[in-house]
Amino acid sequence: MASINRLTPPPTAFDPLQAQLILLGVVAAVESYFRTVLRRLITLDAECQFCTEDQAVAFGAAMHLDKAMMPEALLERVTFVSEKSLTDAIRDFVGVKGTLPPDLLTTFKDYAAVCQLRHCAVHRFGKLGVKNAIYLGLQQHKPSLEKPLLLTYPALQSAIAIATGAVKTTNNFLFNEVLSRLPAATWANKWGSDKAKFMPYYALFADTVSSTRALPPRDVYTVFQTQRSKFAAGVPF
């Protein structure tokens, strides 16, 4: 996301049309994240594999894709542009049950609004359609119907921040959810014994590029085991 944002012109030379192109790249990057993390989770995690056992893939995919890429075929008809599609993907492919955390639902809602702006840029050459305006709030956006979408520098930065937040919040949630549901027998509570089991999950979710990079794997493992022990003992953490 940061590399895409570097393409943004400075406020003094800001180009709204270029901003629309950058917005397309931002949404594409978020979609790529969801597809990658779900594909790799299905390959890695037994519970995710169980969730997808009865889901069908296209015959052409079965014939021509490598086995490692077969989970990608499951995602071909999935979109990641609305609260419902994002929630359904987490439920269908990860097997998350119950009510999702409020912060996750909020970030999905905010990101879905960004996707409405992206829809205007792609399908309406920058104009605000009625359906988009209804989602964003018809009364507030009614004066802008069928008028060009003029992204400002602050608006674009806000959209990028929302997209980045959606990825980080989802990433943290999935890491905690998937790791926490592994059976207790998975762990020996010793780094040397558990490293081989822990590292694939760490490698999938660890942030290695942003300014808030993940702690080293052993440190994250220690925090995880400490929290797991406290949870088992009913102690707040």
Side-chain angles (χ1 to χ4, degrees), residues 1-2 4-5 20 22-45 47-57 69-123 128-129 131-137 141 155-181 201 204-207 209-210 212:
M1 212 75 72
I4 296 175
N5 198 13
Q20 290 186 33
I22 292 169
L23 183 64
L24 302 187
V26 168
V27 173
V30 175
E31 179 171 347
S32 178
Y33 161 77
F34 276 102
R35 292 188 182 280
T36 299
V37 76
L38 291 176
R39 183 187 74 237
R40 292 175 63 184
L41 266 178
I42 293 169
T43 303
L44 169 65
D45 186 73
E47 183 67 22
C48 292
Q49 292 169 12
F50 176 77
C51 291
T52 57
E53 280 180 351
D54 64 346
Q55 297 189 37
V57 297
M69 291 302 295
M70 200 62 68
E72 183 71 27
L74 291 172
L75 302 170
E76 283 186 353
R77 297 181 179 86
V78 180
T79 62
F80 300 92
V81 296
S82 69
E83 299 165 72
K84 185 178 186 306
S85 64
L86 291 166
T87 300
D88 286 350
I90 287 178
R91 296 199 187 283
D92 293 344
F93 299 107
V94 186
V96 175
K97 298 177 176 62
T99 303
L100 296 180
D103 62 331
L104 187 64
L105 294 175
T106 297
T107 197
F108 283 175
K109 182 177 181 180
D110 292 342
Y111 177 67
V114 172
C115 290
Q116 292 293 322
L117 299 180
R118 174 259 182 197
H119 184 276
C120 296
V122 172
H123 299 290
L128 183 67
K131 187 175 181 180
N132 309 118
I134 290 174
Y135 185 91
L136 296 170
H141 294 88
L156 178 60
Q157 292 305 308
S158 177
I160 293 173
I162 288 170
T164 302
V167 169
K168 288 186 174 183
T169 304
T170 302
N171 201 66
N172 290 339
F173 169 74
L174 290 178
F175 177 73
N176 290 325
E177 180 74 17
V178 172
L179 215 60
S180 297
R181 74 187 184 190
Y201 289 96
L204 174 55
F205 291 106
D207 179 357
V209 296
S210 77
T212 55

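Since the structure is predicted, the reported quantities are computational estimates derived from the model, not experimental observations. Residue indices begin at 1 and follow the sequence shown.
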Side chains of [X] and [Y] in contact at under 4.5 Å (non-hydrogen atoms):
{"X": "Val81", "Y": "Leu86", "result": "no"}
{"X": "Leu105", "Y": "Glu83", "result": "no"}
{"X": "Thr169", "Y": "Phe108", "result": "no"}
{"X": "Phe80", "Y": "Val30", "result": "no"}
{"X": "Val27", "Y": "Cys115", "result": "yes"}
{"X": "Ile162", "Y": "Thr164", "result": "no"}
{"X": "Glu47", "Y": "Val178", "result": "no"}
{"X": "Leu41", "Y": "Phe205", "result": "yes"}

*asked:* Show me the pairs that pass salt bridge (Lys or Arg N to Asp or Glu O under 4.0 Å) and involve residues 22-43, at least two apart or across chains.
replied: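 Qualifying pairs, neighbours excluded: Glu31-Arg35, Arg39-Glu72.
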*asked:* Within the 3.5 Å criterion, strictly below it, is a donor on Thr107 or Asp110 matched to an acceptor on the partner's side chain?
replied: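 The criterion, which ignores hydrogens and geometry beyond distance, is not satisfied for Asp110 and Thr107.
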In Å, rounded to the nearest 0.5 Å, how long is the span from [atom1] of [X] to [atom2] of [Y]?
{"X": "Cys51", "Y": "Ile42", "atom1": "SG", "atom2": "CD1", "value": "9.0 Å"}
{"X": "Leu104", "Y": "Glu177", "atom1": "CG", "atom2": "CD", "value": "10.0 Å"}
{"X": "Thr79", "Y": "Phe34", "atom1": "OG1", "atom2": "CZ", "value": "11.5 Å"}

*Taking the side chain from Thr52 and the backbone from Gln55, do they hold a donor-acceptor pair closer than 3.5 Å?*
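Judged by distance alone, no pair lies under 3.5 Å.
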*Is a side-chain donor or acceptor of Ser32 paired with a backbone partner of Ala28 at a separation under 3.5 angstrom?*
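Not confirmed, Ser32 side chain does not pair with Ala28 backbone.
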*For Arg181 and Asp45, which heavy atoms make the closest approach, and how far apart are they?*
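Closest pair (atom of Arg181, atom of Asp45, distance): NH2-OD2, 3.0 Å.
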*Which heavy-atom pair separates Thr43 from Gln49 by the least distance, and what is that distance?*
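It is O-NE2, 2.9 Å.
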*Evaluate side-chain contact (heavy atoms from CB on, under 4.5 Å) for Ile22 paired with Leu156, printing each intermediate quantity in order.*
CA-CA 8 Å; Ile22 292 169; Leu156 178 60; 4.2 Å; yes
*Could you list all the ring-ring contact (aromatic ring centres under 6.0 Å, His included) pairs where at least one residue sits in residues 155-174, not counting sequence neighbours?*
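Passing the test, one end in residues 155-174: no pairs.
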Only distances under 3.5 Å count here; give the side-chain donor-acceptor pairs of residues 88-102 to other protein atoms, sequence neighbours excluded, each with its distance to 0.1 Å.
residue	atom	partner	partner atom	Å
Asp88	OD2	Lys84	NZ	2.6
Arg91	NH1	Val96	O	3.2
Arg91	NH1	Gly98	O	2.8
Arg91	NH2	Gly98	O	2.8

